[in-house]
Amino acid sequence: MSQITLTLPDGSKRQYSSGITPKAVAIDISTSLGKKAISSTVNGSHWDLQWPIDSDSNIAINTVKDEQPALELVRHDLAHIMARAVQEIWPDVKVTIGPVIENGWYYDFDRRDPFTPEDLGIIEKKMKDIINLCDPVRTEVWDRSAAIAYYEKNNEPYKIELIEAIPGDEPLRMYWHGDWQDLCRGPHLQNTGQVPGDSWKLMSVAGAYWRGDSKRSMLQRIYGVAFKNKEDLRSHLNFLEEAAKRDHRKLGRAMNLFHLEEVAPGSVFWHPSGWCLFQNLISYMRRRQETAGYVEVNTPDIMDRALWETSGHWFNYMENMFLAQTHDDRDYALKPMNCPGHMMIYNENIRSYRDLPMKISEFGKVHRYEPSGALHGLLRVRSFTQDDAHIYCTPEQLTDECLKVNELILSIYKDFGFEDVHIKLSTRPENRIGSDESWDLSEAALKTALDRAGMSYTIFDGEGAFYGPKLEYVLRDAIKRDWQCGTLQVDYNLPERFGSTFVSASGEKLAPIMLHRALFGSLERFIGILIEEHAGKLPFWLAPRQVVVAAIVSDANEYCVEVVAALKAAGIRAEADLRNEKINYKVREHSVGKVPVILACGIREVEEKTVSVRRLGEKQTKVSPITDVVNALSKEAMPPDLV
RNA sequence: GCCGCAGUAGCUCAGUGGUAGAGCACACCCUUGGUAAGGGUGAGGCCGGGAGUUCGAUCCUCCCCUGCGGCACCA
């Protein structure tokens with residue numbers, strides 16, 4: 001047998017016979033390492049301890065202290081342990097796949113009866129028994145036909161399908177714990193006892209399509225989370241609780257911003273406070289766009305079928321459109337996008353190259369018949385307002401215009417405190433229209449703009465819209481969740497479908513290129529994100545109710561009204577709370593309602609012309625002269641673009 | 001759209017095969033209280049909609065609607 005050289009992380013080299021396993025290497029280094037070892041890293045790949053090494057390699061032995069590989073293994077082994085537990089409890093359940101995901105794992109099962117929440121407890125208990133068995137994990141490489149025969153015998157059709165999808169030259173690995181086995185590419189721990197007993201938890205059951213395909217059978221998925229220790233698990237569960245407290249649907253009710261109801265699924269009833277916030281955002285965006293050279297328009301909500309046929313929506317997106325039934329013989333539809341309307345405005349005049357770039361914006365309300373299961377508070381609705389705009393430009397202007405949109409969008413996100421933004425670039429899909437040349441140009445325009453701006457981005461090959469590539473702007477919020485908001489798309493197609501032209505300097509009629517862009521994306525969605533980002537504690541300039549002036553005793557009522565008047569005169573949204581309630585009660589109520597500033601006034605304040613200032617979330621109060629407070633707050637009320 | 005769970009007062013939720021209950025919110029009264037719920041009284045419900053089983057359904061069965069958690073989808 002030939003000799004191979006293995007290089008350890010410290011640079012030392014050791015000679016072994018070809019075919020040595022990392023396990024044997026670990027034992028050779030020290031007996032204790034052999035016991036503690038959980039896996040190895042061979043030439044940068046995560047390896048099982050049992051896989052033979054047959055050439056010179058770099059090798060590192062991993063223990064539970066190596067967090068990344070350890071967590072991956074623990075999660076992966078838990079997936080197997082869970083599948084084994086499920087099959088031991090319900091032998092007729094068929095297994096499918098069980099990958100590691102962020103924070104944990106899931107496993108998809110095919111079972112006639114649904115798993116109940118109580119079942120999760122039963123499964124957890126069984127899993128703990130399996131962990132306590134400390135069953136050694138062993139792996140075998142199987143021949144394809146043997147594996148298929150084995151699964152045919154055991155009536156595991158999903159596994160057979162998986163094997164058939166694995167390329168012929170890849171080894172088929174079978175992993176065993178005790179008498180239970182699973183087809184798996186590994187790696188795995190040495191024995192089930194290496195899984196910590198108390199740092200994981202089964203979370204939920206949900207339906208999931210086999211192979212993610214909605215045409216195939218619905219399986220039952222059990223999700224679990226696992227961490228390196230109990231503290232990490234606890235902090236993850238805390239995180240979930242914190243995230244739940246930020247839920248914009250709950251806060252939207254507490255802050256009396258909006259509600260949703262059965263008569264209009266997926267459409268928002270904006271209350272006065274919510275609509276105030278909505279309008280604040282629009283005012284802000286209007287100023288920013290005006291400065292950036294946009295002109296605002298408004299186009300019809302309901303337009304004739306002919307328009308949607310020209311745009312391509314009628315045949316491609318009919319299922320997602322709201323149609324309007326009328327008493328004449330015409331077919332109408334509610335607009336799902338603003339672009340066709342903007343095409344009509346562009347085409348209404350003969351355009352010169354001197355008019356370009358032409359930037360048409362609209363706070364247009366669009367309706368899309370989203371699948372019922374997709375609806376989610378403000379984040380996924382059926383009617384929403386886009387801060388939409390279309391930029392018509394010449395090919396020469398294209399890159400520059402992309403760059404400008406990118407700058408504008410980042411500057412706007414910054415004003416809202418979102419500085420951690422990443423970009424997805426989706427390139428030409430298989431199913432597309434337009435020439436390869438135009439795709440080359442539009443993809444290059446987006447890339448060049450990003451490169452010039454020094455932005456990093458992730459490319460999603462083949463994920464672009466059928467008419468052009470797109471950028472998507474993803475914000476990371478205060479608790480590290482990602483939200484997709486803005487978009488920038490290059491489109492050679494719509495101008496062509498609508499026969500749009502401009503007259504060039506040499507008098508030729510040429511087709512303009514069109515950019516689709518939205519910065520907030522959907523106002524509804526952006527408000528949902530803002531609420532969750534700030535846990536309801538909106539920045540002062542955005543808060544719909546900025547100040548409540550609360551009387552401590554009724555003798556201060558008159559003074560409170562004066563204070564409110566002074567605040568209003570300074571442009572601050574203020575109201576008086578003169579109700580016959582204790583100050584404790586008022587403070588609590590307005591804190592729950594996320595009012596940023598409470599000014600409490602009693603006899604002392606009346607006499608001294610002061611107010612007692614209490615900021616949301618702070619226990620301390622500060623008594624200041626009324627004029628100082630008005631001045632300070634009116635400064636704070638200034639939108640960031642006007643500061 | 002698919003799988004599962006749920007729908008009872010404005011909100012959060014309890015409950016039973018014999019047509020309903022709590023807390024908060026609301027109204028009125030007492031209370032003028034110094035920074036996250038003072039006390040009392042009262043009003044408030046087609047128990048999501050429809051059909052069936054039953055002497056009788058909020059409760060059991062079926063269909064539909066809506067919501068929630070996922071999956072799929074997101075031009």
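So that the names make sense, note that chain A is the first sequence line, chain B the second, and so on, each numbered from 1.
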Exercise: do A:W210 and A:E161 side chains pair donor with acceptor under 3.5 Å: yes
To the nearest Å, how far apart are A:R111 CZ and B:G4 C1'? 12 Å
Hey, are A:T487 and A:Q489 close enough side-chain-wise for a donor-acceptor pair under 3.5 Å? yes
Return yes if a side-chain donor-acceptor contact under 3.5 Å exists between A:K94 and A:Q87, otherwise no. no
What is the distance, rounded to the nearest whole Å, between atom OH of A:Y106 and atom C1' of B:G69? 16 Å
Can you classify the ring geometry of A:Y369 versus A:F322 as parallel (below 30°), tilted (30 to 60°) or perpendicular (above 60°)? perpendicular
When you match A:E605 and A:S204 each to their closest nucleotide on RNA chain B, which lands nearer the 5' end? A:E605
Please give, in whole Å, the distance from B:C2 P to A:K215 NZ? 15 Å
Spacing of A:L120 atom CG relative to B:G4 atom C1', expressed in whole Å: 12 Å
Just checking, is any N or O donor in the side chain of A:S311 or A:H313 under 3.5 Å from an acceptor N or O on the other one? yes
Looking at every non-hydrogen atom in both residues, tell me the closest pair between A:A556 and A:C601 and how far apart they are. CB-O, 3.4 Å
Length of the line joining A:I552:CD1 and B:A36:C1', which is rounded to integer Å: 14 Å
What I want to check is whether an N or O donor and acceptor connect the side chain of A:E261 with the base of B:G67 at under 3.5 Å. no
Any ion pair linking A:K245 and A:E242 (charged N to carboxylate O, less than 4.0 Å)? yes
Can you pull every protein N or O that's under 3.5 Å from an N or O on nucleotides 5-13 of chain B?
unit_1, atom_1, unit_2, atom_2, d
B:U12, OP1, A:R253, NH1, 3.1

A:F227 and A:H236 aromatic ring geometry - parallel, tilted or perpendicular at 30°/60° bounds: tilted
Measuring to OP1 and OP2 of B:A36, would you say a side-chain N or O of A:R614 lies under 4.0 angstrom away? yes
For each nucleotide in nucleotides 70-75 of chain B, reading 5' to 3', give B when a protein heavy atom comes within less than 4.0 Å of its base, S when such contact involves only the sugar-phosphate, and - otherwise. BBBBBB
Given Watson-Crick and G-U pairs under 3.5 Å, RNA chain B in dot-bracket ([ ] crossing, | other strand) is (((((((..((((....[..)))).(((((.......))))).....(((((..]....))))))))))))....
May I ask you to say whether A:E532 pairs ionically with A:K537, meaning some side-chain N is under 4.0 Å from a carboxylate O? no
Do A:E309 and A:R497 sit within salt-bridge range, that is, some charged N less than 4.0 Å from a carboxylate O? no
With a cut-off of 3.5 Å and sequence neighbours excluded, list every side-chain donor-acceptor pair involving residues 333-346 of chain A.
unit_1, atom_1, unit_2, atom_2, d
A:K335, NZ, A:T299, O, 3.2
A:K335, NZ, A:T299, OG1, 3.1
A:K335, NZ, A:N338, OD1, 3.1
A:K335, NZ, A:E362, OE2, 2.8
A:N338, ND2, A:Q386, OE1, 3.1
A:N338, ND2, A:D388, OD2, 2.9
A:H342, ND1, A:H390, ND1, 2.8
A:H342, NE2, A:E362, OE1, 2.7
A:Y346, OH, A:T501, O, 3.0

Gap between atoms CZ and C1', on A:R382 and B:G67 respectively (whole Å): 13 Å
Just to be sure I understand the rule, does A:Q484 reach a base, reach only the sugar-phosphate, or reach nothing, if contact means heavy atoms closer than 4.0 Å? nothing
Determine the contact category for A:R249: base if any of its heavy atoms lies under 4.0 Å from a base atom, sugar-phosphate if only primed atoms, P, OP1 or OP2 are that close, otherwise nothing. sugar-phosphate
How many Å lie between CG on A:D577 and C1' on B:U35, as a whole number? 13 Å
Quick one: what's the B/S/- string for nucleotides 37-46 of chain B, heavy-atom cutoff under 4.0 Å, read 5' to 3'? BS--------
Assess A:R216 against A:Y209: is NZ or CZ under 6.0 Å from the centre of the six-membered ring, and within 45 degrees of the ring's axis? no
Looking only at N and O atoms, is any donor in the side chain of A:T621 or the base of B:U35 less than 3.5 Å from an acceptor on the other one? no
Would you call A:D108 and A:R211 a salt bridge, taking side-chain N to carboxylate O under 4.0 Å as the test? no
Provide, to the nearest angstrom, the distance between the CD atom belonging to A:E608 and the C1' atom belonging to B:G34. 13 Å
Can we say A:D247 and A:R249 salt-bridge, meaning some charged N sits less than 4.0 Å from an Asp/Glu carboxylate O? yes
Gap in Å between the two C1' atoms, one belonging to B:C2 and one to B:U58, rounded: 29 Å
Pull out every residue in residues 589-598 of chain A that has a heavy atom closer than 4.0 Å to any atom of RNA chain B, ordered by number, or say none. A:S591, A:V592
Roughly how many Å apart are B:G49 and B:U8, using the C1' atom of each and rounding to a whole number? 15 Å
Reading RNA chain B from 5' onward, which residue's closest nucleotide shows up sooner: A:L260 or A:G617? A:G617
Run the salt-bridge test on A:K470 and A:E472 with the 4.0 Å N-O cut-off and return the result as yes or no. yes
For nucleotides B:G48 and B:G10, find the distance between their P atoms and express it as a whole number of Å. 12 Å
A:W483 and A:D477 side chains, donor-acceptor separation under 3.5 Å: yes
Parallel, tilted or perpendicular: ring planes of A:H80 versus A:H76, cut at 30 and 60 degrees: perpendicular
